[in-house]
Each structure stands twice: as C-alpha cells, then as structure tokens.
Amino acid sequence: MAELVKNPSIQAKLHDEIKSKTGGGGGQREVSEEDIHDMPYLKAVVLEGLRKHPPGHMVLPHRATEDMEIGGYLIPKGATVNFMVAEMGRDEKEWEKPMEFMPERFLAGGDGEGVDVTGSREIRMMPFGVGRRICAGLGVAMLHVEYFVANMVSEFEWKEVAGDEVDFAEKIEFTTVMAKPLRARLVPRRA
Ligand code: HEM
C-alpha cells in the first residue's frame, strides 16, 4: 500500500483494471474472489510488492543434512543455512532497476514475466521459501493479499499526507516491517 501511495499512476492503473471488472462509477460493487482471478495487473502489483518488500527477509533457518559444495564453498553437514530472500529480489544481476517499483515487469515482455515463486523451475525471488518447507499458506496468502489490496484500492484513493512522506526504511520485528508506519489520506471513491 505504501508503494501505491508513493506511485499514484500505478494506483490509478490498478484502479482502472478493478473498475473495468466491477462496473466502476455509481455501479461499482465490492471486488469478489472470482473477480481477482481475472486481474493480471493486480497480481503484478502484489508480486512486485513481495519482490521488493518480502515480509521475511530470510526464510526460517534450515540445516544441511549432508556435506555439500555450492559455488566452491563447502556447506558442512549440520550447518545452519539462511537464504537471503530480500537480497535475491533486489539483485541487480537478476532484475532491471530492482529498487524501482515496476509491476509491469511481471506482465508480458517484462523481466519478471512468468516468474515462478515456488522455485520448481527457477529461483529469482522466494518470498514464501521454496522446496519441501515452502510456506503452507502460499495459496491462501496470495488470494488474501490480492483480495485486500483490490478492495482497499476499489473503495479508497490512497494519498500521501503532506508533510508526512512515505518512508521505506525497514525494521525487523517478527517479520520485516516499516520503521515508520504508513500514514495515508484515504479518500472514499464512492459518492
Ligand atoms: C504474504 C504472506 C506470507 C508470506 C510472505 C509467508 C512466508 C513464509 C515463509 C518465508 C516461510 C518459511 C519457508 C521456509 O522455511 O523455507 C513460511 C512458512 C510457513 N507459512 Fe507462510 N507466509 C505467508 C502467509 C502464510 C499464511 C496465510 C499461512 C497459513 C494460512 C502460512 C503458513 C505457513 C506455514 C504452516 C509455514 C511452515 C511450513 C513448513 O515449515 O513446512 N503462511 N511462510
């Protein structure tokens, strides 16, 4: 939501997609679960949020079950292994302008087109972890995030508060959160 406040043109594009599926204007209704399956830009916005701001900067610590060599380094049996999830999503070798919020990268022709967040084909971002211990709630989490973002943007225009700019600095709590919580001015879209 902070990125949508900071990037009004992206928010407007998302709202256009939502309007086109739910009627818009006076006839606008709540976005349903069925609607969101047909909203590629919404999915792109959520993926871009998870790429640039994964709630877990590292997955839960894993342990090597046997000696293994990776990239010339020996990972000894029993070693604790942490995966740098945020670093992967922000890797300049993998992503064009990684620190820019560009949902379009997940649409046709973009550098994130067809990205596989489950890691079964490739690993370029892994906000839910990958492999055997991948997040058990991945499906329900994606569905809920898409559903909430769609409805929040459908109902309100999210605007920056003058003198209280969005600050993307982070701090670690149970997950990584905004050091300065988002404050936004919400303007109802319905008359
Ligand atoms: C955007 C929301 C979420 C994110 C980014 C997320 C991310 C993660 C990550 C990174 C892990 C650790 C994976 C690993 O150790 O390799 C994990 C594990 C897990 N998550 Fe999520 N999660 C989310 C929402 C949920 C929800 C909604 C549920 C339940 C309904 C859930 C249930 C679990 C469970 C049960 C595990 C442990 C899986 C295991 O160790 O076998 N998560 N999640």
Side-chain angles (χ1 to χ4, degrees), residues 1-7 10-11 14 17-18 31-37 39-68 70-71 73 75-91 94-95 98-103 105-107 112 114-154 158 166 168-182 184:
M1 296 314 295
E3 290 284 5
L4 293 178
V5 170
K6 202 70 202 162
N7 296 285
I10 294 175
Q11 185 180 157
L14 175 58
E17 180 179 74
I18 295 166
V31 185
S32 72
E33 189 181 324
E34 288 68 37
D35 294 325
I36 63 175
H37 296 310
M39 292 188 183
Y41 196 66
L42 170 67
K43 186 164 195 105
V45 166
V46 170
L47 281 173
E48 182 67 338
L50 288 168
R51 178 194 68 79
K52 192 171 167 222
H53 308 286
H57 277 208
M58 288 184 258
V59 296
L60 300 171
H62 288 240
R63 188 161 56 87
T65 51
E66 55 191 66
D67 283 357
M68 185 165 287
I70 298 179
Y73 292 93
I75 314 292
K77 179 178 176 179
T80 300
V81 182
N82 285 299
F83 295 86
M84 311 297 282
V85 174
E87 306 290 325
M88 289 182 202
R90 298 170 183 178
D91 184 352
E94 282 295 322
W95 302 96
M99 293 318 285
E100 278 186 33
F101 190 79
M102 301 193 303
R105 69 172 84 243
F106 292 104
L107 302 179
V115 75
D116 170 25
V117 289
T118 68
S120 49
R121 281 198 323 273
E122 55 168 11
I123 302 177
R124 298 182 64 215
M125 59 187 274
M126 46 182 274
F128 297 99
V130 298
R132 223 156 29 123
R133 306 310 294 264
I134 193 169
C135 174
L138 189 160
V140 82
M142 283 299 285
L143 180 69
H144 276 77
V145 177
E146 287 174 19
Y147 182 81
F148 283 126
V149 171
N151 275 295
M152 288 191 288
V153 169
S154 176
W158 290 63
V166 176
F168 288 105
E170 299 167 331
K171 67 172 179 182
I172 297 183
E173 291 192 347
F174 177 64
T175 57
T176 299
V177 297
M178 295 178 83
K180 180 181 158 218
L182 175 66

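Order of appearance sets the numbers: ligands from 1, and atoms from 1 within every ligand. The residues of the chain are indexed from 1 along the displayed sequence. Note: hydrogens, waters and symmetry copies are ignored here, and every other heavy atom, side chains too, is used.
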Give the atom numbers and elements of ligand 1 that come within less than 4.0 Å of a heavy atom of [X].
| X | answer |
| --- | --- |
| Arg133 | 13 (C), 14 (C), 15 (O), 16 (O), 38 (C), 39 (C), 40 (O), 41 (O) |
| Val140 | 27 (C), 30 (C) |
| Pro127 | 5 (C), 7 (C), 10 (C) |
| Pro55 | 5 (C) |

Salt bridge (charged side-chain N to carboxylate O under 4.0 Å, His left out) partners for Lys180, two or more places apart: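 Once residues adjacent in sequence are excluded, the partners of Lys180 under the salt bridge (charged side-chain N to carboxylate O under 4.0 Å, His left out) criterion are Asp164.
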
Glu66: partners by salt bridge (charged side-chain N to carboxylate O under 4.0 Å, His left out), with sequence neighbours left out: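 Salt bridge (charged side-chain N to carboxylate O under 4.0 Å, His left out) list for Glu66, sorted by chain: empty.
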
Salt bridge present between Glu3 and Lys6 (N-O < 4.0 angstrom):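 The answer is no: the pair does not qualify as a salt bridge.
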
Parallel, tilted or perpendicular: ring planes of Phe168 versus His53, cut at 30 and 60 degrees: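 Plane angle under 30°, so parallel.
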
Validation row: Met39, Val31 side chains within 4.5 angstrom (heavy atoms):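 Counting from C-beta outward, Met39 and Val31 do come under 4.5 Å.
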
Minimum side-chain heavy-atom gap Leu50-Pro55 below 4.5 Å: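 Leu50 vs Pro55: side chains touch.
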
N/O donor-acceptor pair under 3.5 Å between Glu170 side chain and Thr176 backbone: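 Absent.
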
Mode of Leu60 contact toward ligand 1 - side chain, backbone, both, neither (heavy atoms, under 4.0 Å):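 Looking at Leu60 and ligand 1, atoms from backbone and side chain both fall under 4.0 Å.
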
Ligand 1 versus Met142: contacting region, heavy-atom distance under 4.0 Å: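 Neither part.
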
2.8 Å cut-off (strict), protein N, O or S atoms about atom 21 (Fe) of ligand 1: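 N, O or S atoms of the protein closer than 2.8 Å: 1.
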
Within-shell test, His62 vs ligand 1, heavy atom, strictly < 4.0 Å: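 Right, His62 reaches ligand 1.
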
Side chain to side chain contact (heavy atoms under 4.5 Å, CB included) between Leu143 and His37, intermediate numbers included: CA-CA 9 Å; Leu143 180 69; His37 296 310; 4.1 Å; yes

Asn151-Ser154 side chain donor-acceptor pair, cut-off 3.5 Å: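 There is no such pair (donor and acceptor under 3.5 Å, judged by atom type) between the side chains of Asn151 and Ser154.
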
Determine all donor-acceptor pairs shorter than 3.5 Å in which one atom belongs to a side chain in residues 124-139; sequence neighbours excluded.
{"from": "Arg124", "atom 1": "NE", "to": "Glu94", "atom 2": "OE1", "distance (Å)": "2.8"}
{"from": "Arg124", "atom 1": "NH1", "to": "Asp111", "atom 2": "O", "distance (Å)": "2.7"}
{"from": "Arg124", "atom 1": "NH2", "to": "Glu94", "atom 2": "O", "distance (Å)": "2.6"}
{"from": "Arg124", "atom 1": "NH2", "to": "Asp111", "atom 2": "O", "distance (Å)": "3.1"}

Test item: protein heavy atom less than 4.0 Å from atom 8 (C) of ligand 1: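 Within 4.0 Å: yes, protein heavy atom nearby.
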
